[in-house]
Peer 1: 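The structure is given below, and queries will be raised subsequently.
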Amino acid sequence: MSHYAYFVAGALVLVGGFGIARSRNLVHATICLSIAQAGTYVLLMAVGYQTNAPAPVFGSTAKPTKQVVDPVVQSLCLTDIVVSATVTALLLALSIQIAKRHDTVDPDELVALQG
Amino acid sequence: MNFHSGAAQLAPLAIVIPIIAAAVLLSVGRWLPRTLIDVLATGTAAATVGLDAALFAHTAGGRVVTWASNWTPKHGHSVGIVLVADRVGSGAALLAGALMLCALVFSWRYFDSVEAHFHALMLLFLAGMTGFALTGDLFDMFVFFELMGAVAYALTGFKVEDPTSVQGALNFGIVNSFGAYLTLMGIGLIYAHTGQLGLAQIGQVLDRSPLDALVVIAFVLVVTGWLVKAAMVPFHFWLADAHAVAPTPVCVMFSGIMVELGVYGVFRVYWTTFSGILPPDDIRRALLVLGILTAVVGAVMCLMQRHLKRLLAYSTIAHVGLFICAAATLDDSGTAGAAVYVLGHAGAKSALFLLAGVILARYGSVDEATLHGKGRDAKATAVLFAVAGLALSGLPPFATSLGKAIGEDALLARGYWIGPVLFVAVSALTGGAVLRAGARIFLGLGPVPAEDQQQTSGDQEERETQSLPRMPATMMLAIVTLVAGCLVCGIYSPITHALGRGATRFVDHAGYAQQALFGRAAHSVALPTGIDWTTLGVALGLTSTVLALLVAALGLYAEKIRRAAERVLDPFAMVGSGLRRLHSGHVGDYITWVFIGVTALAALVGIPLRQ
Amino acid sequence: MMTAVVGLALTLVLFAGVAVVLTSDPRRQAVTLSLFGLSLTVLFIVLQAPDVALSQLAVGTAFVPLMVLLAVSKIRGGR
Amino acid sequence: MSRTARMWLLGLGLIGVGVCYALAALDLPSFGSTFHPYRDMAVPAAVAHGAANAVTSIVFDQRGLDTLVEEIILFGSVIGAVALLRPSREEQEHGPSPMGRVLEPTRLLGYVMLPTTLVIGVDVVTHGHLTPGGGFQGGVILATGLHLLYVAGSYQALDRLRPVALFEHGEAIGAAGFAILGIAGILTSAAYLTNMLSYGTLGQMFSAGTVPILNAIVGVEVASGVIVLLARFFDQAVLLGHQRESISVPQPGELR
C-alpha cells in the first residue's frame, strides 16, 4: 500500500502510451499523451507528500514550520502543467491542419511518409 | 570562492537576449518591412554568437558558474538553479548560435513570411538550445528541452499548406513529448531518491549511495528523452519524417545541433551525476551496442532514399550512431573525437541541407530521380555539393575526417577493432549516397531510376520561395561559410586542442561538482592523446572517401550488377525492404518502438549489474 | 483515515485515466478528460497542494477540454 | 507494421517498461515519508525572503529561471499555434455559424459567472505570494472566464471584448518583461533574476520582493497568451469555412 501512489503514476504513463499506440484518431492520441503526462504529475506529488503535514502556504497567520508537504515538487508540477497545456495546444493545431490536408485524422490512413 | 565574475553574467544573457528579441519581433513585427525583420533577427543571432564566443573564451581556465537569482551555495547546498558553462557546453551553444546565424542569413530570401512568426520562433529555438547546453540542473534541462521541443514542432509544421509537413510535425511532437515525459519520470525517481535536482548535487548524493534498481532505471528513463532527441535507434523514426518536411533553414538546426544536443545531454548527465555509481564498462557496452545499431540502420536507410532531405536525415542518424560510439568510450579522447566530429558534421551536413533548399527553390523538387540531369547548368551549386559530400565521406583535411580519426583511434585504444571498420563503412555509405544523388542531379550520370511506389518521393515538397533563377548572394554566403568552417576546424589545431582540453574537463566528475558547488578553481588539464592528425587517420579518411566514390558509382550503375547478383543478394534485399517497411510514418508504431527501446536499454544496462 | 482518502483519490484518478484512453470518440473524450482533470484536482487537494490543484482545475477541466472541443468541431466541420 | 504485430510488440514493451518501473518504484522511500532534503532548504529560504506561499517563492524566486523558461514555452507555443492555424489560401471567413438557440438560464449563468470569474482571476493573480494561486492560475482563469461570453451565446460580445492584436502585445510584453526584470537583477545586484526588492513582512501584501511583480507580469502574459490561443481555435471552429469547391479537381466527365 505504501507504494500504491507510485504505481498509479507509472500505470498512467503506460496507459497513455498504450492509448497512443492503438489510437485511430490523432486528437485521441493527443489526449492520451496528456494522460501519460498526468502520470508525471502524480509521481511528483506522491514523492513530495508527507503524511499529516500541512500545505506549504502560511498565509498571514500561520506560523512557518519546516514540516510541510514538499513545495519544490509542487513548483515542478506547475511547470509541468503549463508544458502539458501548451504541447496539447500545438498538437491539436497540427491535427486540425492534418484534417484539412488529408481529410482524415486516422494514423492508419496517413501514408504520406514511408520508407 | 568566486561566483560573481563578470563572465558569469554571459550565460543568462545568451539565453534571454534572443527571448527579448523574439518578443519585440512578435509585438512590432507586423509593422516592420521584411528587411528590417531579417536584420533584427540576424543581428540578435550575431549578438548571441558574440556572447557565446566570449563565454567560450572564458572557459579556457575552467567552468564559468552562474547561480541564477543569486542563490549562491553555502557548504555546497543551494535552493537555486546553476548554469555551468564549460568548453563543451559553451562550444555547443556557440555552434547553435553560429548555425542559427547561417540559417537566418540563408532565409533572407526565404519564405514570404507571415509577420515575424518564423523569426521569433527561430530565436526562441536558439534560446532553448543555448539553455539546454549551459544549464547545470536536471529539471532545468527538462524545461529547456521542452522549449526546444515545442518550438521545433511548430517550426516543422510551419509550411501548413504542405500535406506531409503537418504529419511529420505531429509524429515528431508526440514521440518527442512522450520521451520527455519518460525523462520527467526519471527525474521524479531520482529526486525521490536523492532529494536534489542539480546535476552536481545529485551526483554528490549518488557517489555515497549503494547501486540499486532505482538508480539504474532512473538513469535509463532520464536519458530516454535525450536519446529520442538524439534519434538513436529505435527512437529515431520521427527524425526522417520531421527533416523531410521542415523548412530548409530549420533542417539545418535540427541536423546540425539539435540532435547532437540530445547526445550531449546523455553524456552530460552521465558524467556529472551517474558516473560515480554506474560502472563505466556497463554503460560503455550498452551505448556501444545501440550506437552501432543506429549507425548501421541509418547508413542502410540513407542509401535507399531518393528524397534528398530524407536521405540527408538518415545520414544524420548514421552519424549520431558514430558520435555515440565515440563518446561511449567514456574517456577524454573519445569525447574529444565526438566533439570535433559534431563540429565538422554540422558544417558539412548543414551546407548540404542548404544546398537541398537551393535545389528546391530552383527546380521545385528534391527528388533525386525527378531531378536527373536537371542541374547541369548550376556550376557553383554542383561544386559546393560535391565538396560537402566529400567532407561528409571523411576526406582529409576536413573536420569530419579529423573527428572520425580521433574517434577511431579512441575505440582502437580500447580494443574495439570494429570502431574503425564501422566509421569507415558508415562514412562511405552515407557519403556515397550523397555523392550519388549529386552525380545524378548535377551531372545526369547513370540511367533514370525506375518509379517505386513504396518510397516517399520528393516531388510533393512545396516550394519555399519564389522560383530562383540564380542563387542569391546571401544563400551562397551561408553555404560557403559552413563548408569553409568545416575545413578550418580540421586544419586549425587550436580549435581541436581547445575541444580536446574541454573534453578532459567534461569527463571530470569530481571537478565539475567542486567548481559548481564550492567555487574551487579548476585544475589545469593536459591534452588527451591522439587528437592530432595521424598517418592512420589520414589513410582511413582517404579509404572511406574512395569507398564512398565506389558506392556512388555502384548506386548509379548497379542496376545490371544487381540483377546479376540478385540471387546472391536476395536475403540482403529482404532485410532492406523489411527495414524500410518499419519506417511507416505511423505514430502508433513509433510509440511502440519507444517502449521497446526503453526495455532494451534497461536490459542492456541493468541485467549485467545483477549479482 | 487520511491514507484511505488518498488511496480513494488515487484510484479515482487511475480509473478516470483509463476511461479517457478507452473513450475512442474525441468529442466524448472532452467530457471524460474534464472529469479526469477534476479527479486530479481532488487528488492534489488531498495531497495538500492547493496551488497545483488550482492550476489543474483551470487547465485540466476548462482550458484543455475547450480546445479539444473546438478542434474536434473544426475537424468534423471541415470534412 | 500491421496492427496485430504492433499490438504484440506493444504488449512486450509495456511489460518491459512496467517491470522496470515497478522494480524502481519498490526502491523509493515509502509514500508520505519525512525525507525531503530540498524542502528542508527551500522552506526557510522562502520565509527568509518574506514569501508566505512557499510554492510561489520557489516558482518566482528560488527556481525563477525554470518559470521564465516555462513562460517562454507558453509564449513560443502560442506563436507556433497562431502560425500553424493561420488561414490558408482556400479558406475564407464567413461570419459565425448560427449556434442554435441558447437556453435563457444558460445565457444568464454565463453573464453572472463572467464578472465573478474575472474578480476571482484578478484576486488569484495579486495574492499569489500569500495564498494558493499566482500569475499562471489567475491568468488562465481570466482568459477562460472571458470565454464564458460564448457560453452566454454572444460571440459578437466576445469578439468585441477580445481585440486579439492587443493581447498579442500583452503576451509579448509579459514575456519580455519577465526577461528584462531578470536583467535588472544583474544591474542592481549580482545575478540574473535576483530578488532585489525589500522582502517586507511575511504575509503582507507588499512582501516577498519582486515575487508579486513577476506574478503580475506572468498573469498578463498567461491571460493574453491563452486568449490569443483560444481566439485562434475559435476562429477555426466558428469562423473559417473550408471552400471545398476551390480545391476539388473536376472529374473527367465534367470537362466536356
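Within every chain, numbering begins at 1; the chains are lettered A, B, ... in the order of the sequence lines, protein sequences first and strands thereafter. Keep in mind that what you see is a predicted model, and the values were worked out from it rather than measured.
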Peer 1: Do you know which of A/I31, A/V68, A/I20 has the most heavy-atom pairs under 4.5 Å to chain C?
Peer 2: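 The candidate making the most pairs under 4.5 Å is A/I31.
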Peer 1: So what's closer than 4.5 Å to chain A heavy atoms on C/T23: side chain, backbone, both or neither?
Peer 2: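 Contact with chain A: backbone only.
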Peer 1: Got a second to check how far C/L70's CG is from A/L92's CG, nearest 0.5 Å?
Peer 2: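 The CG atom of C/L70 sits 9.5 Å away from the CG atom of A/L92.
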Peer 1: Is A/R22 in contact with chain C via its backbone, its side chain, both, or neither, using a 4.5 Å heavy-atom distance?
Peer 2: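 Contact with chain C involves the side chain of A/R22 alone.
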Peer 1: Which bit of C/V52 is near chain A, if near means a heavy-atom gap under 4.5 Å: side chain, backbone, both or neither?
Peer 2: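 For C/V52, the contact with chain A is made by backbone and side chain together.
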Peer 1: Contact between A/S84 and C/V59 at the side-chain level, heavy atoms closer than 4.5 Å - yes or no?
Peer 2: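 Heavy-atom side-chain distance check fails, nothing below 4.5 Å.
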Peer 1: Measuring only between side-chain heavy atoms, which start at C-beta, is C/V6 closer than 4.5 Å to A/Y49?
Peer 2: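 In short, these two side chains touch, coming nearer than 4.5 Å.
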Peer 1: Mind checking the CD1-OG1 spacing from A/I35 to C/T32? Nearest 0.5 Å is all I need.
Peer 2: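 Taking CD1 in A/I35 and OG1 in C/T32, the distance rounds to 7.5 Å.
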Peer 1: Which region of A/V15, side chain (C-beta onward) or backbone (N, CA, C, O), has a non-hydrogen atom less than 4.5 Å from a non-hydrogen atom of chain C, or is it both or neither?
Peer 2: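 Contact with chain C: backbone and side chain both.
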Peer 1: Could you tell me the separation between the CD atom of A/Q74 and the OG atom of C/S55, rounded to the nearest 0.5 Å?
Peer 2: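 With rounding to 0.5 Å, CD (A/Q74) is 10.5 Å from OG (C/S55).
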Peer 1: Given that the side chain runs from C-beta out, which part of C/V68 has a heavy atom under 4.5 Å from chain A: side chain, backbone, both or neither?
Peer 2: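 Contact with chain A is through both the backbone and side chain of C/V68.
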Peer 1: Side chain, backbone, both or neither: which part of A/A9 has a heavy atom under 4.5 Å from chain C?
Peer 2: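 Neither part.
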Peer 1: Kindly compute the distance separating OH (A/Y4) from OG1 (C/T3), expressed to the nearest 0.5 Å.
Peer 2: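 Taking OH in A/Y4 and OG1 in C/T3, the distance rounds to 13.5 Å.
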Peer 1: How many angstroms lie between CG in A/N25 and CZ in C/R27, if you round to the nearest 0.5 Å?
Peer 2: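 If I round to the nearest 0.5 Å, the distance is 11.5 Å.
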Peer 1: Is there a donor-acceptor contact under 3.5 Å from the side chain of A/H28 to the main chain of C/V21?
Peer 2: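 Answer holds: yes.
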Peer 1: Only heavy atoms, only distances under 4.5 angstrom. Which residues in residues 37-50 of chain C are near chain A?
Peer 2: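 Residues C/L40, C/L43, C/F44, C/V46, C/L47, C/Q48, C/A49, C/P50 are the ones that qualify, each having a heavy atom under 4.5 Å from chain A.
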Peer 1: Looking at every heavy atom in both A/V27 and C/P26, which two are closest together, and how far apart are they?
Peer 2: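 Closest heavy-atom pair between A/V27 and C/P26: CG1-CB, 3.8 Å.
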Peer 1: Would you compute the distance between atom OG of A/S34 and atom CD of C/Q29 and round it to the nearest 0.5 angstrom?
Peer 2: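 Nearest 0.5 Å value for the OG-CD distance: 8.0 Å.
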Peer 1: Picking from A/G19, A/P71, A/A85, which has the most non-hydrogen pairs under 4.5 angstrom with chain C?
Peer 2: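 Most pairs with chain C among the choices: A/A85.
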Peer 1: At a heavy-atom distance under 4.5 Å, which candidate from A/D80, A/V69, A/T51 has the highest pair count against chain C?
Peer 2: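 When all of A/D80, A/V69, A/T51 are compared, A/V69 has the most.
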